[in-house]
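What follows is a short report on a single structure.
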Amino acid sequence: MLPIASLEMKTRDQIALQEAESKSMKITGAEAVIRCLLAEGVDLIYGYPGGAIMPVYDELYKFQDQLLHVLTRHEQGATHAAQGYARTSGKVGVAIATSGPGATNLVTGIADAQIDSTPMVCITGQVASHLLGSDAFQETDIIGLSTPVTKWNYQITKASEIPEIFAKAFYVAKSGRPGPVLIDITKDAQFDSFDFSYKKCLGVRSYNPVPTLDNNAVNEAAELINKAKKPFIVWGQGVILGKAEEEFKDFVEKSGIPAAWTILGLSALPTSHPLNVGMVGMHGNYGPNILTNECDLLIAIGMRFDDRVTGDLNTYAKQAKIIHFEIDPAEVNKNVNADITILADCKESLTSLIPLVEQKTHKKWIQRFDDLMKIEVKEVIDKDLRPNKEGLSMGEAIVSINKHTQGDAVIVTDVGQHQMVTCRYAEFVRSKSNVTSGGLGTMGFALPAALGAKMGAPQREVVAVIGDGGYQMTIQELGTIFQTQAAVKIVVLNNDFLGMVRQWQQLFFDKRYASTEMVNPDFVTIAKGYFLDAKRVDKRKDLDAAVAEMIASDKPYFLEVCVEKEDNVFPMIPTGASVSDIRLK
């Protein structure tokens, strides 16, 4: 077993290496890979060995007291685990695989990290350089395949390139708007020797990851904010990535403006905060969606106006002035045109803005949100959390998890109905607590990502909430959880359906449930086959005690909660509809 405590170790060899990074020594390319990782402060990587990456794994064996390698059961699991690790630790996640299918199996996780701005460095082996382009065994053009879904990628064919490319890779991955980088290394470059020295990258020519703050734009924004009668904030993950949670909270409280979140922004502000008015988007809260089209000023902070948030762009917030706080110029005016754009790191821009903002309360405006929430409680929330059906609802399970974690757990979700229900009802008291696949919507994300999240935050409770469909896409990672003994708590909300697709089939395809009903295995028996403690609950009277037992355990634990087969998630904005057309049933 691999103790999680070992993740926190920092050996004298690592420190010495970082202090003397400019010293030269003659080593192989494979050893250079390991020394580059150590120089960047990496203490944990996820991966799967194979022929083209074997020289690096041979060197990794020699450094195993300094660099922990977690053997996932599939390369996709390695990328999702690296994502989960990055999201809770704030560090760069690292995944490693061999050439051909090993490399291609990383692509889904890389694409997920790209659209969700997760810093990750992926390392792939490649056939020897003289075989490139010959269709050699397990050769795939991973550079060509990954170019659209990476922030940067590079193929190393000479050992001497390794230090510079690795330094640049880590700099690019974590600077500005974070994202994934892929390094492909030919086998001969791993075997060849050269004079190794390492120097961290501090900048790349023509790459400006953080735009210079325009103070005039900040002044103009403050003037609009101070004049607004019905201002509304929508924030995203940029607040978390920018480590701007305190500045954001100060801005919200001083301005008195109601604030709503995208699913990746969830947990930047405690869910119980009086100015936190809920979630925007397709399955968001009633008030924030309706009032998007009534506000006179929309302040977007660290979010990209995704289609799931905006609905029909032709009707989205047309009555409002829009201020967009953004770090990535490519996101500005891409979907929604802004009246004022503040291009900068949001921690810096909010720090400059706060002294210029007047102290206000906006009581009448906030009352509109409260009134609409009362309607949602009556029409939706009471039915979700206090159902009159015999069967359990998904919301009941989330409420029980809240109760036994006091809102202090990291909750990792997959993609589907359970994801939307969890985002709607989970309670969070601190940041970096919500880990999910947002932009790509990757089923199979949650189980390996929860493993990585636990290793990135070993002192925190980590609960994976997964649907029965997505769970089976990466169920083999139970083996990784067993081998590491990472105390991940796994909750499968089982409705024997691909629930979100079934909901759409019910509402928009006359209940033609084409290929969405699941004939599932005995999940408890499978979990016990991996030597995990496991339990199934299908009655309301047993739910709370089962969740309490799971949370109290100091080991990995699997809990199957059998829920109503045909429950739907509301509110809901049909695809292409206006946010004002949100449905309560």
Side-chain angles (χ1 to χ4, degrees), residues 84 384-385 387 391-419 421-423 425-427 433-436 443-451 453-454 460-482 484-497 499 518 520-565 567:
D384 281 351
L385 305 187
L392 287 164
S393 73
M394 291 179 281
E396 290 177 277
I398 305 308
V399 168
S400 184
I401 291 169
N402 291 338
K403 173 183 174 181
H404 294 288
T405 62
Q406 288 81 52
D408 198 31
V410 175
I411 298 184
V412 185
T413 48
D414 212 78
V415 173
Q417 288 181 314
H418 72 276
Q419 177 191 34
V421 170
T422 302
C423 288
Y425 297 126
E427 296 175 1
S433 295
N434 174 56
V435 178
T436 194
M443 292 178 69
F445 171 86
L447 189 61
L451 167 70
K454 181 64 177 178
R460 298 193 66 186
E461 193 73 68
V462 174
V463 182
V465 180
I466 317 176
D468 49 307
Y471 179 60
Q472 292 179 84
M473 288 191 171
T474 50
I475 195 171
Q476 70 277 356
E477 299 307 331
L478 289 175
T480 315
I481 291 171
F482 165 63
T484 60
Q485 281 298 290
V488 176
K489 309 302 168 59
I490 306 155
V491 179
V492 168
L493 301 181
N494 183 6
N495 59 9
D496 293 313
F497 265 111
M518 305 283 286
N520 286 320
D522 185 334
F523 290 129
V524 170
T525 296
I526 291 172
K528 288 183 176 179
Y530 283 101
F531 305 101
L532 303 184
D533 292 339
K535 181 171 284 190
R536 177 186 294 109
V537 172
D538 58 10
K539 292 182 173 57
R540 185 168 288 109
K541 65 182 181 62
D542 300 324
L543 175 64
D544 200 58
V547 172
E549 180 180 315
M550 175 185 71
I551 298 301
S553 174
D554 61 358
K555 298 185 294 183
Y557 194 106
F558 173 83
L559 177 63
E560 178 185 4
V561 181
C562 300
V563 297
E564 283 282 340
K565 292 187 69 169
D567 271 355

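Remark: Phe523 engages Tyr471 in a ring-ring contact (aromatic ring centres under 6.0 Å, His included) (not counting sequence neighbours). When the salt bridge (Lys or Arg N to Asp or Glu O under 4.0 Å) test is applied to Glu396, the partners found at least two apart in sequence or on another chain are Arg540. Annotation: side chain to side chain donor-acceptor pair (under 3.5 Å) contacts of Tyr530 (sequence neighbours excluded): none. Val415 is linked by a side-chain contact (heavy atoms from CB on, under 4.5 Å) to Gln419, Ser437, Met443, counting only residues two or more places apart in sequence or in another chain. Considering only residues two or more places apart in sequence or on other chains, Lys565 meets the side-chain contact (heavy atoms from CB on, under 4.5 Å) condition with Asp496, Phe497, Glu517. With sequence neighbours excluded, no residue satisfies side-chain contact (heavy atoms from CB on, under 4.5 Å) with Gln406. Applying the salt bridge (Lys or Arg N to Asp or Glu O under 4.0 Å) test to Asp538 and every residue at least two apart in sequence or in another chain returns nothing. Applying the side-chain contact (heavy atoms from CB on, under 4.5 Å) criterion to Ala546, with sequence neighbours excluded, gives Lys535, Val537, Leu559. A search for side chain to side chain donor-acceptor pair (under 3.5 Å) contacts involving Asn434 returns nothing, not counting sequence neighbours.
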Please step through side-chain contact (heavy atoms from CB on, under 4.5 Å) for the pair Phe531 and Lys528, ending with a clear verdict. CA-CA 5 Å; Phe531 305 101; Lys528 288 183 176 179; over 6 Å; no

* When you look at Val547 and Ile551, which way does the side-chain contact (heavy atoms from CB on, under 4.5 Å) test go after all the steps? -> CA-CA 6 Å; Val547 172; Ile551 298 301; 4.2 Å; yes

Item to check | Full working for side-chain contact (heavy atoms from CB on, under 4.5 Å) between Leu543 and Val561 | outcome: CA-CA 8 Å; Leu543 175 64; Val561 181; 4.1 Å; yes

**Prompt:** Can you check side chain to side chain donor-acceptor pair (under 3.5 Å) on Asp567 and Gln417, steps first, answer last?
**Reply:** CA-CA 9 Å; Asp567 271 355; Gln417 288 181 314; over 6 Å; no

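Evaluation of the salt bridge (Lys or Arg N to Asp or Glu O under 4.0 Å) test over residues 468-478, restricted to residues two or more places apart or in two chains, returns none. Residue pairs meeting the ring pair (Phe, Tyr, Trp, His ring centres under 6.0 Å) criterion with at least one member in residues 397-416: none, sequence neighbours excluded. Legend: salt bridge (Lys or Arg N to Asp or Glu O under 4.0 Å) pairs involving residues 397-410, not counting sequence neighbours, sorted by first then second residue: Lys403-Asp544, Asp408-Arg430, Asp408-Arg460.
Smallest separation of non-hydrogen atoms from Ala453 and Val410: CB-CG1, 4.4 Å. Across Thr474 and Pro448, no two heavy atoms sit closer than the pair OG1-CD, 3.5 Å. Here the closest heavy-atom approach between residue Ala450 and residue Val462 is recorded as O-CG1, 3.7 Å.
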